[in-house]
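Written below as structure tokens is the structure these notes are about.
Note: hydrogens, waters and symmetry copies are ignored here, and every other heavy atom, side chains too, is used.
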Amino acid sequence: MTAQPPEPSPRPVPPGELRASHDDREAVVEQLRDAAAEGRIDFDELDSRLEQALTSKTHAELAVLTADLPKLNSAESQPPLVLKGGMYGASRGPGRWEVPGHVIAHGGVGGVKVDFTRVECRLTEVAVEAYGETSGVTIVIPDGWAADTSGMDPGVGGLTDTTTPDRLPGTPLIRLTGSGGAGGVVIRHPNRRERRKLDSNPTQG
């Protein structure tokens, strides 16, 4: 019997083609209303853009509606935070740190850990690019935060996602893309040891 060739692995979905959520559409609606109140767009254009926002299916469709408007949150306009594991590893957190709209983590030989458990983040979502490379990337998010890993290429090392889908109102969505590489990428909530530390030092910055 002739062996069937292996099926090609699915192509990672580009960020702009990812499906928009109700929260994504509502954030654009709020931005458009604020822009109209500031006189940046007239009310006829507001009505037109609101209709498009409410029927948009992807992030790319939403982005077009606000491309000519200033960002509402200064964190969104900050340059990406880039972490490189190098030979000895790198980490950000668990202390308080300002979260930009875009985080890029390269595991390198030493690995990278990104810990969001003590941050205060007002963004509706944070784009995280994780490249496991040799030693992997670990991302820790608080309970109540959710992650979308549909745009992630697991690579050889794989993707481990143990987060829960229960997202609390007002918390950001972590939109994870990138590749697991050889070391893999892990996204999770705090483990027992980390929870004990959080409970014993609830206000530690």
Side-chain angles (χ1 to χ4, degrees), residues 3-25 27 56-64 75-76 78-93 97 99-117 119 121 123-167 171-191 194:
Q4 295 294 324
E7 294 184 4
S9 57
R11 175 182 63 89
V13 179
E17 295 180 14
L18 293 172
R19 290 282 176 157
S21 67
H22 293 306
D23 288 340
D24 297 327
R25 284 186 282 269
S56 291
K57 293 182 172 59
T58 67
H59 285 267
E61 292 174 357
L62 288 175
V64 170
E76 293 180 345
Q78 290 182 5
L81 168 64
V82 180
L83 298 170
K84 296 183 178 181
M87 290 294 295
Y88 304 104
S91 65
R92 178 58 58 97
W97 52 282
V99 180
H102 193 182
V103 178
I104 304 172
H106 292 272
V109 176
V112 167
K113 182 177 182 181
V114 186
D115 191 333
F116 292 93
T117 52
V119 302
C121 182
L123 298 170
T124 56
E125 68 176 57
V126 178
V128 178
E129 289 184 51
Y131 301 95
E133 298 177 348
T134 303
S135 293
V137 173
T138 298
I139 302 160
V140 185
I141 64 175
D143 296 326
W145 288 28
D148 178 357
T149 62
S150 61
M152 185 75 189
D153 176 6
V156 177
L159 167 68
T160 301
D161 179 5
T162 60
T163 61
T164 61
D166 303 322
R167 181 182 175 191
T171 62
L173 175 70
I174 300 297
R175 197 170 296 283
L176 184 62
T177 60
S179 172
V185 171
V186 175
I187 184 165
R188 59 175 173 79
H189 297 298
N191 58 30
E194 291 163 339

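- Shown here for Leu123 and Pro172, the closest heavy-atom pair between the two residues is O-CB, 3.2 Å.
- Taking 4.5 Å as the limit, every side-chain heavy atom of Ser91 sits out of range of all side-chain heavy atoms of Asp115.
- For the salt bridge (charged side-chain N to carboxylate O under 4.0 Å, His left out) condition, the pairs that include at least one residue of residues 179-191, sequence neighbours left out, are Arg188-Glu194.
- One finds the CD atom of Glu129 at 10.0 Å from the CE atom of Met152 (value rounded to the nearest 0.5 Å).
- Thr171 places a side-chain N or O within donor-acceptor distance of the main-chain N or O of Gly144, the cut-off being under 3.5 Å.
- Contact detail for Val114 and Ala105: the closest heavy-atom pair is CG2-CB, 4.4 Å.
- Side-chain contact between Val126 and Cys121: present, with at least one pair of heavy atoms (C-beta onward) separated by less than 4.5 Å.
- Relative ring orientation between His106 and Tyr131 is described as parallel, the plane-to-plane angle staying below 30° on a 0-90° scale split at 30° and 60°.
- You'll find the side chain of Val185 reaches within 4.5 Å of the side chain of Leu176, heavy atoms only.
- A donor-acceptor pair under 3.5 Å is absent between the side-chain atoms of Trp145 and the main chain of His189, judged by distance alone.
- With values rounded to the nearest 0.5 angstrom, Thr163 atom OG1 is found 10.0 Å from Ile139 atom CD1.
- Thr117 and Val140 make their closest contact through CG2-CG1, 3.7 Å (heavy atoms, listed as atom of the first residue, atom of the second, distance).
- Checked by atom type and distance alone, the side chain of Glu133 pairs as donor or acceptor with a backbone atom of Gly108 at under 3.5 Å.
- The OG1 atom of Thr134 sits 10.0 Å away from the CE atom of Met87 when rounded to the nearest 0.5 Å.
- Residues Gly111 and Ser135 approach most closely at N-CB, 3.5 Å, considering heavy atoms.
- Taking each heavy atom of Leu159 and Thr149 in turn, the nearest pair found is CD2-CB, 3.7 Å.
- Residues Ala146 and Pro165 come closest through the heavy atom pair CB-O, 4.3 Å.
- Between Arg19 atom CZ and His59 atom NE2 the span is 10.5 Å, to the nearest 0.5 Å.
- Side-chain contact annotation: Asp166 with Thr164, donor-acceptor N/O pair under 3.5 Å absent.
- Residue Arg175 holds its CZ atom at 5.0 Å from CG of Asp24, rounded to the nearest 0.5 Å.
- By the 4.5 Å heavy-atom criterion applied to side chains, Val128 and Phe116 are counted as neighbours.
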